[in-house]
Enquirer: 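First the structure, which I've put down as structure tokens, then a few questions once you've had a look.
Quick caveat: nothing in here was measured; it's all calculated off a predicted structure.
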Amino acid sequence: MASASASLLKSSPVLDKFEWVKGQSLRQPSVSVVRCHPTAAPSTLTVRAGSYIDELVKTKTVASPGRGILAMDESNATCGKRLASIGLENTEANRQAYRTLLVTAPELGKYISGAILFEETLYQSTVDGEKIVDVLVKQGIVPGIKVDKGLVPLPGSNNESWCQGLDGLASRAAAYYQQGARFAKWRTVVSIPNGPSALAVKEAAWGLARYAAVSQDNGLVPIVEPEILLDGEHGIDRTFEVAQKVWAEVFFYLAENNVLFEGILLKPSMVTPGAESKDKASPETVAKYTLSLLQRRIPPAVPGIMFLSGGQSEIEATLNLNAMNQAPNPWHVSFSYARALQNTCLKTWGGRPENVKAAQDALIQRAKSNSLAQLGKYTGDGESDEAKEGMFVKGYTY
């Protein structure tokens, strides 16, 4: 069985290109369950990670100093909204042109360790014909993949939603792995103005846990994303209260599903007041609340906390991240931003070929700023007015 697995791995066109698994034994003998029997305890610790354990725990390449994740996994519909904002049609050619601009930005890999892709992008080539996965790998960027199927109404709840996509996930994850993806993302949301109801919280946590277990069993490091939406007029204490409950449920069900904590990444919301609240919080306050929540809820075995921006302005997201990195943390505290990395870049491009370099420079500027914030060295010098614009959209879908 082990030799068959080795033959399969040798036939993969992408495995030997990944720095994070070089020199490692990529697979242990194929088993579905690993049991550890501590000598001092009668109970059995069961961790499910299939036969990919060595590979999964090499997440430190994604969670590496001064680097974070570029989230470019917008669905085709959401990408169409972004393109429409600059006067472009939502065609595959235009999506390809924009994604090419992002992944070919010079020295992107200096600040970005991973890129989350939409399924179309994982199988797509650049406008010059090179596979996007290969372009990323050459820059030292690990390709990831959005695997959920979006939010739908949750029956029996207070007008809340749940995330679909578990059906067929195992086969899709296996195919994504063969295509070169090495981590996955699943976004579910909790709405404070709508409760949140106990049903919605439990559904979110259970869905994330099942997704994480299936992903690990197929070689993908799961990004666990329990997003607390910014919608609402509530203060920061209410956000903290709800987040404590959500994160407790998430990690309870991750443990129940035997998910390997060393082989996941967490992508949470920062603890902030609601976007419509009259009370605003300084970066220092956001950092204080958020780090306190992490310390109460997140095991130090989790290697990386990759915050989402959630509609904050580009500068807000960077300042808040910087404030959280003013002292050492048990985890790598970094970023996994979409709009907070791309907003100025997209506006600068405007769909014009002659603006590609300027747009890539804008992307690199934002990536470098967040790299400095991850190191706790961001000062805010030289930022543009566009970077200060808020990006909150009520009821935002991805």
Side-chain angles (χ1 to χ4, degrees), residues 62 68-79 81-82 114-122 143-154 157 160-169 172-173 176 181 183-192 194 196 200-216 220-231 239 242-243 246-247 249-251 253-254 259 264-270 272 275 302 304-312 317 334-342 391-398:
V62 176
I69 294 174
L70 169 61
M72 48 180 290
D73 58 316
E74 298 90 347
S75 66
N76 287 348
T78 300
C79 193
K81 293 176 184 177
R82 305 275 172 85
I116 312 173
L117 310 177
F118 189 61
E119 186 176 63
E120 178 182 76
T121 320
L122 182 70
I145 178 70
K146 170 186 165 74
V147 299
D148 69 76
K149 294 296 184 180
L151 301 170
V152 293
L154 177 62
S157 71
E160 295 162 289
S161 61
W162 67 286
C163 188
Q164 57 187 348
L166 289 176
D167 289 351
L169 177 58
R172 284 187 286 121
Y176 297 150
F183 67 94
K185 174 203 152 178
W186 176 286
R187 174 186 180 254
T188 194
V189 303
V190 171
S191 170
I192 293 179
N194 288 358
V201 172
K202 183 173 182 178
E203 176 58 45
W206 179 256
L208 284 167
R210 290 304 308 143
Y211 138 77
V214 172
S215 295
Q216 286 190 342
L220 301 179
V221 171
I223 289 183
V224 176
E225 184 176 356
E227 180 174 357
I228 313 294
L229 293 173
L230 278 177
D231 303 52
T239 306
V242 171
V246 172
W247 290 14
E249 290 271 307
V250 167
F251 276 88
Y253 285 115
L254 287 172
V259 171
I264 70 171
L265 295 168
L266 181 67
K267 181 174 178 175
S269 313
M270 298 178 190
T272 66
V302 176
I305 314 296
M306 321 300 283
F307 281 101
L308 58 89
S309 56
Q312 300 177 72
S334 191
F335 60 93
S336 177
Y337 294 163
R339 288 173 288 171
L341 284 173
Q342 297 181 43
M391 292 177 284
F392 169 68
V393 177
K394 193 169 184 175
Y396 180 71
T397 57
Y398 204 69

Enquirer: In Å and rounded to the nearest 0.5 Å, what is the CD1 to OG distance from Ile264 to Ser215?
Expert: 11.0 Å

Enquirer: Between Val302 and Val224, is there a side-chain heavy-atom distance shorter than 4.5 Å?
Expert: no

Enquirer: Could you tell me if the side chain of Pro226 sits less than 4.5 Å from the side chain of Trp247, heavy atoms only?
Expert: yes

Enquirer: Looking at CG of Asp167 and NZ of Lys149, how far apart are the two atoms once the value is rounded to the nearest 0.5 Å?
Expert: 10.5 Å

Enquirer: Between Tyr176 (side chain only) and Val147 (backbone N and O only), is there a donor and an acceptor less than 3.5 Å apart?
Expert: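 No, because the side chain of Tyr176 does not come within donor-acceptor range (under 3.5 Å) of the backbone of Val147.
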
Enquirer: Where the side chain of Ser336 meets the backbone of Met306, is there a donor-acceptor pair that is under 3.5 Å apart?
Expert: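 Such a contact is absent between Ser336 side chain and Met306 backbone.
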
Enquirer: Can you tell me which residue among Lys81, Lys146, Gln342 is in a side chain to side chain donor-acceptor pair (under 3.5 Å) with Glu74?
Expert: Gln342

Enquirer: Do any N or O atoms from the side chain of Ser75 and from the backbone of Thr78 form a donor-acceptor pair under 3.5 angstrom?
Expert: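 Judged by distance alone, yes, a pair lies under 3.5 Å.
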
Enquirer: For residues Ile145 and Leu220, determine if any side-chain heavy atom of one lies less than 4.5 Å from a side-chain heavy atom of the other.
Expert: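 Side-chain contact under 4.5 Å: yes.
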
Enquirer: Just wondering, do Tyr253 and Leu208 contact through their side chains at under 4.5 Å, heavy atoms?
Expert: no

Enquirer: Nearest heavy-atom pair of Phe307 and Ser269: which atoms, and what distance?
Expert: CE2-O, 3.8 Å

Enquirer: Hey, does the side chain of Thr239 reach the backbone of Thr272 with a donor-acceptor pair shorter than 3.5 angstrom?
Expert: yes

Enquirer: Start with the C-alpha gap between Val190 and Val242, add the side-chain angles, then the distance that decides, and say whether side chain to side chain contact (heavy atoms under 4.5 Å, CB included) holds.
Expert: CA-CA 9 Å; Val190 171; Val242 171; 4.3 Å; yes

Enquirer: Enter the distance from Asp231:CG to Ile192:CD1 here, rounded to the nearest 0.5 Å.
Expert: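 One gets 9.5 Å once the value is rounded to the nearest 0.5 Å.
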
Enquirer: Output yes when a side-chain donor or acceptor of Lys185 lies under 3.5 Å from a complementary backbone atom of Ile116, and no otherwise.
Expert: no

Enquirer: For a side chain to side chain contact (heavy atoms under 4.5 Å, CB included) check, start with the C-alpha distance between Leu266 and Phe251, then their side-chain angles and the critical distance, and finish with the verdict.
Expert: CA-CA 10 Å; Leu266 181 67; Phe251 276 88; 4.3 Å; yes

Enquirer: Could you give the distance from CD (Glu225) to CZ (Arg187), rounded to the nearest 0.5 Å?
Expert: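 CZ of Arg187 is found 6.0 Å from CD of Glu225.
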
Enquirer: For Pro153, is there any backbone N or O sitting under 3.5 Å from a side-chain donor or acceptor partner on Trp162?
Expert: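 At least one qualifying donor-acceptor pair exists.
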
Enquirer: Could you please spell out the steps behind the side chain to side chain contact (heavy atoms under 4.5 Å, CB included) verdict for Glu227 and Thr188?
Expert: CA-CA 6 Å; Glu227 180 174 357; Thr188 194; over 6 Å; no

Enquirer: Using only atom types and a distance under 3.5 Å, with no angle test, would you say the side chain of Asp148 pairs donor to acceptor with the backbone of Gly150?
Expert: yes

Enquirer: Hey, could you give me the NZ/CD1 distance between Lys267 and Ile305, rounded to the nearest 0.5 Å?
Expert: 13.5 Å

Enquirer: In terms of the angle between their ring planes, are Tyr211 and Trp186 parallel, tilted or perpendicular, with boundaries placed at 30° and 60°?
Expert: parallel

Enquirer: Which heavy-atom pair separates Ser309 from Ala338 by the least distance, and what is that distance?
Expert: OG-N, 4.5 Å

Enquirer: Return yes if some donor-acceptor pair links the side-chain N/O of Arg172 with the main-chain N/O of Gly165 below 3.5 Å, else return no.
Expert: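 Here the side-chain-to-backbone pair exists.
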
Enquirer: Keeping the roles fixed (side chain from Glu203, backbone from Ser161), state whether a donor-acceptor pair exists under 3.5 Å.
Expert: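 Absent.
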
Enquirer: Between CD1 of Ile69 and CG of Leu308, what distance do you get to the nearest 0.5 Å?
Expert: 11.0 Å

